[in-house]
Amino acid sequence: MTSRKTVLVLGGSSDIARATARAFAKAGYDVQLAGRDAAVLEPDAADLRARYNVEASRWTFDVLDTASFETFASGLPALPDVVISIVGLLGAQESAQSDLEHATTIMRSNYEGPALILGLFAEKFLARGYGTIVGVSSVAGDRGRASNYVYGSAKAGFSAFLSGLRARASRGGVHIVTVKPGFVRTKMTEGMKLIGPLTVEAQVVGDAILNAVQRRTDVVYVSGKWRLVMLIIKALPEAIFKKLKF
Amino acid sequence: MTLVSGWGRFPVVDTDVLRPRSFMAIGEAVAGASGTVARGNGRAYGDAGIGAIRTIAMTGFDRVRSFDPVTGRIRLEAGVLLSDLIDTFGPRGFLPFVVPGTRFVSVGGAIAADVHGKNHHCEGGFGRYVDSILLRTGQGEIIEASREENSDAFFATVGGMGLTGVILEATMRLRPVETGWIRERVVSTSDLGAAMRALDAGDSATYSVAWIDCVARGSELGRSLIYLGEHARAGELPDGADAFPLGKDPALAVPVDLPSITLNRYSIRAFNELYYRMGAKRAGESHRVSLFPYFFPLDSISAWNRIYGRRGFLQHQCVIPEHGARDVLGDILERVTKRGDASFLAVLKKLGQGDGILSFPMPGYTLALDFPMRGDILNFLDEIDRLVVAAGGRLYLAKDARQSRATFEAGYPALQRFKAIRKSLDLAGKIRSKLSQRLFDEVQP
Ligand SMILES: Cc1cc2nc3c(=O)[nH]c(=O)nc-3n(C[C@H](O)[C@H](O)[C@H](O)COP(=O)(O)OP(=O)(O)OC[C@H]3O[C@@H](n4cnc5c(N)ncnc54)[C@H](O)[C@@H]3O)c2cc1C
């Protein structure tokens, strides 16, 4: 029997995480699901076992508790082949403007925590000589917008971290993928006005992540349309951009 | 509030749409309003999946709890779509026992409508393969119901159109199959009587259905193509054939509402003529088709309901008891062809006994017709309903958007029993849909 590959999904209880875990399990990966409350991950783990006849385990992981990262990473029974961070917190821009604590939580959840944990796994992968790291960032990090720059700036930092890590790790056989979903229909975006043609289902993101890992793609805009939209938005001169209600 | 409609896009109704994330949150959603119903994937044509006040979207509940690869027994959440089950377990050798004409329906919706497939005449409906359900009643309890335990609740929920409560989970049996292929044989018949005889002769086939050219008139009235099918065994595939070809996501989509003029008597006539001739050419010999085009011919075009334009369309699906069916169906078809803006799709098939108290199927023939929503169509369908009632038949609630209380009551004599069970599960009357308000709730809004 050939030993199967393992994927670790951080931020395991989100809709994108469920979809991503399914995509990998379907492709034959055993899955380690990690989230703040490991108990709530059991139905998802059971789902993976029943559907795809793979092994699925669950682990406690809190992205804000950076002190625990080393213990968490070395506590896993096997170093996974792929690590995916789907952790993120949209937060509320308006409160974040005056509530420092809320702003800090957004920044730490989208940048500090994900970057540190993936950086840690990158070192372990480099020592081993192979592995793939996936960070789910956002198109919101491509340019700060009046309506969500606290979140966007943290995602921008995360994207920059991943691209730097990629440049270094590729020489050591470790591949880094940056995923930039646009609008995804999930509980995070519930009740928000999404632009229909630019919005995708969580499963589309999950399949895109698997695809990027298999094809060793560097940066993925989940819907191709977003690459174009962001190209235009990034190219707008600041003098014009600041006048746009965007 | 959100504007919501069924697949036929009529009626369009304002309702709160909630997406609870846990069973507990479903309970709170039911308790918090007097007039809630669950909604699966919105494939019922009319107002069945729309709550009187509040509608609970179930598609987020899509986890499989357990699966036994030896027996094919599966426990799952009610929001799992049949398309997902087929994609996931088909390659492992298991399919749902019963599938309707679209695979984009949820398990909860399939139980609630006790859906029938092309095998109803010999294998029964969806509910027959459900062993038990976990039901959140309007009363506030979560109960497990099966043929043995809480059997009243079980038989009222199968075919009960969501009106006994929210189905949270189900345990059911899947059918072991060797391949994802169907051995199909087409029979072409020259008129309605011949079509009905061909369906009778096809009684021993696992799957059978007739497509009727409802434009043909006179001596050709009811000319049709009968599709018979069997699951292909592994040994019947040529070497190297893919044992389970997967269904593709719809490649074609109808992007906008077409002006309803697109479907007129000339375009339908031309289409039907072509369709009949092509089918007749294939008649006789048996050939292999993938299960997707066989079971779900319309699924290859997403949002095809837009073909009928913004005002939507109505489906009229009745079942007529066997005795005297030939004359009644002939009468209905004649009126339809005379009208001219006939249905694009007319399907005839044989049904057996239904399992649930309100299940649509009864031994007889079922005819399904589509009509664009325009002109005096509502009056015309009332006229057809009178023929159905006189013949002792009934209309399918999952397709209905307009029948009268009288038509409904005449067709469903077990209604009183259903109401009594419903009341015992929901004294305060928390569960109500637009359909139940229209057809049988005592308290009008
Ligand atoms: C192209 C097409 C072909 C079809 N062919 C057939 C056919 O061949 N045979 C057939 O029988 N039907 C057929 N149908 C009808 C379809 O199978 C039924 O309407 C089915 O109920 C739709 O399931 P849904 O998940 O979309 O449910 P919805 O349309 O969302 O809801 C349908 C009913 O189920 C109830 N319901 C849904 N989920 C739950 C739940 N979790 N708990 C309690 N109640 C619930 C709703 O309250 C509602 O009464 C067809 C429909 C289409 C669009």
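Quick caveat, the model's predicted, so the values are computed rather than measured. First the proteins, then the strands, lettered A, B, ... as listed; each starts at 1.
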**Request:** Enumerate the residue pairs fulfilling salt bridge (Lys or Arg N to Asp or Glu O under 4.0 Å) with a member in residues 80-95 of chain B, sequence neighbours excluded, ordered by first and then second residue.
**Result:**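 Of all non-adjacent pairs touching residues 80-95 of chain B, those that pass salt bridge (Lys or Arg N to Asp or Glu O under 4.0 Å) are R51(A)-D84(B).
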**Message:** Enumerate the salt bridge (Lys or Arg N to Asp or Glu O under 4.0 Å) contacts for residues 53-62 of chain B, please, sequence neighbours excluded, ordered by first and then second residue.
**Reply:**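 Those involving residues 53-62 of chain B are R18(A)-D62(B), R22(A)-D62(B).
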**Message:** Checking an interface table here. Which of residues 165-176 of chain B come within a heavy-atom distance under 4.5 Å of chain A?
**Reply:**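 So far as heavy atoms go, nothing in residues 165-176 of chain B approaches chain A to under 4.5 Å.
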Whether over 12 other heavy atoms sit under 6.0 Å from [X] [atom1]:
X: Q203(A); atom1: CD; answer: yes
X: R108(A); atom1: CZ; answer: yes
X: E94(A); atom1: CD; answer: no

**Request:** Write down the atom of V64(B), the atom of D47(A), and the distance for their closest heavy-atom approach.
**Result:**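 Taking every non-hydrogen atom into account, N-OD1, 2.6 Å.
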**Message:** Holding to side chain to side chain donor-acceptor pair (under 3.5 Å), I want the full list of residues that pass it with R128(B), two or more places apart in sequence or in another chain.
**Reply:**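 R128(B) satisfies side chain to side chain donor-acceptor pair (under 3.5 Å) with D355(B) only.
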